[in-house]
**Q** 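Sharing a structure below in structure tokens format, with a few things to ask.
Because only heavy atoms are used, hydrogens play no part in the values below, and waters and symmetry mates are left out as well, while side chains stay in. Because the structure is a prediction, the values reported are computed rather than measured.
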Amino acid sequence: MPILFFPFLLLSASFAQQGQSLVKPGSFLTPTTNSSWPSPSGLYAFGFYKQGNGYAVGIFLAGLPQKTVVWTAQRDSPPVPADSKLNFTSDGRVVLQSAQGAETLIAGTPEGGASSASMLNSGNFAINNSANQMVWQSFSFPTDTFLPTQNLSHGQVLSSSVSDTNKSTGIFRVLMQEDGWLAMYPVGTPYTLEYGYGGAGISGQKNDVVLQLEDDGHLYLINGAGVIIVNMTDGYPAKDVVYQLTIGFDGILRLYSHDMNQNGDWAVKWSLPSDDICKPKGLCGINGYCVLNDLQVGCKCLPQFESVNKEDRSSGCQRDFIAEGCRSDRYAMEPVPNTVWENNNYSIVTSTTQDNCEEACLRDCNCEAALFKDEVCTKQRLPLRFGRRDQSDSTVALIKVGKYSTPTIDGFLPKESKKEHYRLDILIVGVSLLAFALVVMAISGIAVYRYRVWSYKVISNHGNTALGEDSVDHDLPEEEAILEEWVYQCFESGELGKLVNNEEVDKKQLERMAKVGLWCILDEPSLRPSMKKVLLMLEGTVDIPTPPSPTSFLSTI
Ligand SMILES: *[C@@H]1O[C@H](CO)[C@@H](O)[C@H](O)[C@H]1NC(C)=O
Ligand SMILES: *[C@@H]1O[C@H](CO)[C@@H](O)[C@H](O)[C@H]1NC(C)=O
Ligand SMILES: *[C@@H]1O[C@H](CO)[C@@H](O)[C@H](O)[C@H]1NC(C)=O
Ligand SMILES: *[C@@H]1O[C@H](CO)[C@@H](O)[C@H](O)[C@H]1NC(C)=O
Ligand SMILES: *[C@@H]1O[C@H](CO)[C@@H](O)[C@H](O)[C@H]1NC(C)=O
Ligand SMILES: *[C@@H]1O[C@H](CO)[C@@H](O)[C@H](O)[C@H]1NC(C)=O
Ligand SMILES: *[C@@H]1O[C@H](CO)[C@@H](O)[C@H](O)[C@H]1NC(C)=O
């Protein structure tokens with residue numbers, strides 16, 4: 001349950017009559033003084049509350065020591081600075097005005113014409129026109145929370161927040177469907193059975209079913225004829241208790257209660273889905289799967305995958321090896337038992353074994369994973385979505401992994417300390433750098449080799465040696481030695497010009513290159529300069545010591 005503190009609010013916790021509830025055009029609020037309009041009971045207030053490094057506008061429980069946001073205006077807009085104003089303009093609109101004069105409509109209609117606004121005791125912020133008809137109410141635009149006396153009718157949605165402290169739109173939603181079901185879905189999916197992860201209702205209803213919550217916590221679905229079709233709770237006898245229904249950032253819909261005579265926390269009275277908190281689809285992002293960890297959500301990555309952002313589990317996982325080519329001997333299949341996933345198969349093999357399923361995927365370039373269950377093998381492409389561990393499900397996810405890649409660090413858990421993440425990051429960066437260095441070395445090795453062969457050809461074409469072209473491939477070591485020796489002699493005698501056939505070149509640069517070259521071709525690896533040193537040498541940033549003669553060095557070992 002999100003609990004936010006508003007030290008700048010000086011409302012007392014008592015429920016005595018607090019100020020007026022009727023607000024007239026011309027009134028305004030600022031984040032720091034007169035920051036909200038309270039309900040007559042003082043329990044709810046409409047106005048500014050602290051969010052991130054600024055302020056947001058919404059409705060919150062101001063009458064409790066632990067203040068809770070129940071509605072947010074423009075929830076996906078960034079927080080506003082302290083010099084903003086909430087202005088009930090004389091033409092009858094409640095607008096947020098920046099110091100620069102930019103306006104955002106918060107409540108009321110674009111045409112304006114409102115003559116009063118009131119923060120009602122129910123937690124509903126309502127705007128009436130001059131004919132005293134309600135023209136706008138916050139209850140019609142719910143965010144993540146549903147209050148007693150509010151209605152959720154067909155087509156209306158509650159959307160989760162990003163986190164307890166960030167009320168921007170999150171990744172789960174609960175919809176009052178036309179078929180009379182209250183159904184839960186991740187964002188970005190169609191409202192169809194295969195994407196739902198929870199719900200309540202009974203079949204055969206018309207589109208007149210409404211979700212309602214009574215002041216006593218009685219939560220039910222009621223149809224147009226006034227008949228309750230499903231009781232989700234039966235209500236609770238307690239007096240002085242407030243209730244609210246909220247879809248959490250973890251995708252679970254919970255009914256909370258708070259006893260106003262006690263300074264305690266909010267208590268969970270009911271939840272949906274109630275059996276498995278891993279059920280909300282996409283909780284762990286793509287290529288990740290949810291496991292129960294001490295009754296808490298834990299997220300793991302597929303083998304040889306790494307979490308994209310450790311601070312945000314829904315960001316999912318990405319491969320930590322580079323999948324190259326398609327040769328089946330480069331890959332292996334790693335099983336992830338008892339996990340369920342979205343089945344997005346492109347090919348199905350029936351009456352088969354797990355071994356054959358693995359084999360079939362290994363041989364298929366398009367296959368990146370396979371799901372095996374009851375002798376049926378379905379080939380999949382990445383990403384895999386909506387994964388969770390389910391011990392009662394025999395599905396084995398078979399993941400194609402690199403055979404020769406570094407061992408993977410298995411998954412991640414939200415409670416891991418930052419220090420561990422940090423070390424992991426260093427490890428990953430280190431391994432990447434090492435791999436990069438190896439690649440560079442390999443490339444420069446090839447380049448040096450090619451360069452030597454090429455130089456030899458150039459030189460022999462100029463008739464400086466007696467060796468024929470066709471022997472290049474066969475007697476390379478010998479030729480190489482001769483070539484090195486010749487370069488060294490030219491260098492020693494200060495006749496490097498011979499190397500370039502006495503063409504006009506930058507002598508300094510030529511000498512530098514020759515010296516670096518002689519250092520780099522030394523047979524003893526420990527004597528060769530590092531890549532970084534070579535770059536500095538070629539740049540001229542560091543002096544290049546006189547290289548030893550390749551032959552003299554050879555003769556010393
Ligand atoms: C707050 O608003 C009330 C009337 O709405 C006004 O009397 C009072 O001066 C205001 N306080 C500040 C600090 O602006
Ligand atoms: C809230 O979350 C959204 C989406 O992740 C992000 O863009 C925004 O900056 C966050 N706001 C605050 C105040 O942290
Ligand atoms: C409210 O807005 C109106 C017009 O948009 C402006 O004239 C008035 O000065 C504003 N009130 C405050 C207190 O800024
Ligand atoms: C606003 O209008 C509704 C009817 O639409 C009425 O019941 C309510 O009393 C009005 N509110 C105020 C503050 O006049
Ligand atoms: C909720 O629905 C009932 C009947 O369906 C209606 O009387 C009531 O005014 C509605 N409440 C709100 C806040 O819209
Ligand atoms: C729901 O609960 C109410 C009383 O709380 C009861 O009258 C009604 O019969 C129940 N309906 C169903 C469908 O259980
Ligand atoms: C294959 O995938 C489709 C959806 O893409 C699904 O409807 C079907 O049930 C899957 N087949 C098997 C055998 O799992």
Side-chain angles (χ1 to χ4, degrees), residues 2 4-12 18-64 67-130 134-145 147 161 165-169:
L4 302 172
F5 294 90
F6 306 96
F8 54 92
L9 269 178
L10 298 173
L11 283 169
S12 83
Q18 301 268 330
Q20 52 178 341
S21 70
L22 198 67
V23 183
K24 289 288 185 186
S27 309
F28 67 95
L29 298 171
T30 66
T32 45
T33 50
N34 275 358
S35 65
S36 66
W37 293 316
S39 63
S41 69
L43 180 60
Y44 291 99
F46 171 91
F48 289 101
Y49 66 85
K50 195 111 187 68
Q51 164 92 90
N53 53 3
Y55 300 87
V57 174
I59 298 168
F60 43 88
L61 279 137
L64 298 184
K67 298 175 177 67
T68 305
V69 175
V70 296
W71 183 77
T72 305
Q74 305 288 330
R75 67 195 298 210
D76 293 317
S77 299
V80 297
D83 59 5
S84 310
K85 232 175 247 167
L86 201 53
N87 188 347
F88 192 1
T89 61
S90 50
D91 64 349
R93 297 167 300 137
V94 178
V95 292
L96 186 62
Q97 293 175 329
S98 73
Q100 292 74 37
E103 284 192 355
T104 312
L105 183 68
I106 296 294
T109 56
E111 314 83 61
S115 61
S116 71
S118 21
M119 182 67 249
L120 305 175
N121 280 338
S122 59
N124 192 8
F125 184 68
I127 308 267
N128 280 13
N129 64 13
S130 51
M134 205 185 275
V135 292
W136 189 94
Q137 54 178 325
S138 59
F139 270 9
S140 296
F141 307 94
T143 53
D144 64 351
T145 298
L147 295 174
S161 295
T165 50
N166 184 339
K167 306 303 271 184
S168 292
T169 308

**Q** Of the non-hydrogen atoms in Ala82 and Pro31, which two are nearest, and what is the gap between them?
**A** O-CD, 3.4 Å
**Q** Between CG of Asp144 and OG of Ser161, what distance do you get to the nearest 0.5 Å?
**A**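 The CG atom of Asp144 sits 3.5 Å away from the OG atom of Ser161.
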**Q** How far apart are the closest heavy atoms of Val69 and Phe60, and which atoms are they?
**A** CA-CB, 3.9 Å
**Q** Do the ring planes of Phe48 and Tyr55 sit parallel (below 30°), tilted (30 to 60°) or perpendicular (above 60°)?
**A**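 Rings of Phe48 and Tyr55: perpendicular, as their planes differ by over 60°.
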**Q** In terms of side-chain heavy atoms, does Thr72 have a donor or acceptor partner in Tyr49 at a distance below 3.5 Å?
**A**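 Looking only at side-chain atoms, Tyr49 and Thr72 do form a donor-acceptor pair, the distance falling under 3.5 Å.
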**Q** Side chain of Ser98, backbone of Ser84: donor and acceptor closer than 3.5 Å?
**A** no
**Q** Looking at side-chain heavy atoms only, is the closest gap between Thr104 and Ser77 below 4.5 Å?
**A**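 No, side chains not in contact.
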**Q** Between Leu86 and Phe28, does the side-chain contact (heavy atoms from CB on, under 4.5 Å) criterion hold? Intermediate values first, please.
**A** CA-CA 5 Å; Leu86 201 53; Phe28 67 95; over 6 Å; no
**Q** State, to 0.1 Å, how close Ile106 and Trp71 come at their nearest heavy-atom pair, and which atoms those are.
**A** O-CH2, 4.2 Å
**Q** Measure the shortest side-chain to side-chain distance between Val57 and Gln74 over non-hydrogen atoms and say whether it is less than 4.5 angstrom.
**A** no
**Q** As an exercise, state the distance from CZ of Phe46 to OG of Ser39, rounded to the nearest 0.5 Å.
**A** 13.0 Å
**Q** Using 0.5 Å steps for rounding, measure from the NZ atom of Lys167 to the OG1 atom of Thr143.
**A**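 OG1 of Thr143 is found 6.5 Å from NZ of Lys167.
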**Q** Drop me the distance from Trp37's CH2 to Ser118's OG, to the nearest 0.5 angstrom.
**A**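 Going from the CH2 atom of Trp37 to the OG atom of Ser118 covers 11.0 Å.
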**Q** For Thr32, does its backbone N or O pair with a side-chain atom of Ser35 as donor and acceptor, under 3.5 Å?
**A**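 Looks like no, no N/O pair under 3.5 Å.
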**Q** Quick one: does any side-chain atom of Asn124 pair with a main-chain N or O of Ser138 as donor and acceptor, under 3.5 Å?
**A**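 Yes, Asn124 side chain to Ser138 backbone: donor-acceptor pair under 3.5 Å.
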**Q** Keeping Ser41 on the side-chain end and Asn121 on the backbone end, is there a donor-acceptor pair under 3.5 Å?
**A**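 Not confirmed, Ser41 side chain does not pair with Asn121 backbone.
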**Q** I need the minimum non-hydrogen distance between Ser36 and Ala45, along with the two atoms involved.
**A** OG-CB, 3.8 Å
**Q** Apply the test side-chain contact (heavy atoms from CB on, under 4.5 Å) to residues Phe139 and Leu147: give CA-CA distance (whole Å), side-chain angles for both, the deciding distance (0.1 Å), then the verdict.
**A** CA-CA 8 Å; Phe139 270 9; Leu147 295 174; 4.0 Å; yes
**Q** When you compare the side chain of Val70 with that of Leu61, does any pair of heavy atoms fall below 4.5 Å?
**A** yes
**Q** Give a yes or no on whether the backbone of Val80 and the side-chain of Gln51 come within a donor-acceptor separation of less than 3.5 Å.
**A**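 Flag not set: sc Gln51 to bb Val80 has no pair under 3.5 Å.
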**Q** Are side-chain N/O atoms of Asn166 and Ser168 paired as donor and acceptor at under 3.5 Å?
**A** yes
**Q** Taking salt bridge (Lys or Arg N to Asp or Glu O under 4.0 Å) as the test, write out the residues that go with Arg93, two or more places apart.
**A** Asp91, Glu103
**Q** Rounded to the nearest 0.5 Å, what separation is found between the CD atom of Gln97 and the OG1 atom of Thr89?
**A**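 Gln97 CD to Thr89 OG1: 7.5 Å, rounded to 0.5 Å.
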**Q** The test is side chain to side chain donor-acceptor pair (under 3.5 Å); show your working for Ser116 and Asn128 and say whether it passes.
**A** CA-CA 5 Å; Ser116 71; Asn128 280 13; 4.6 Å; no
**Q** Determine whether the aromatic ring centres of Trp136 and Phe141 lie less than 6.0 Å apart.
**A** yes
**Q** Distance check, rounded to the nearest 0.5 Å: Ile127 atom CD1 versus Thr109 atom OG1?
**A** 8.5 Å
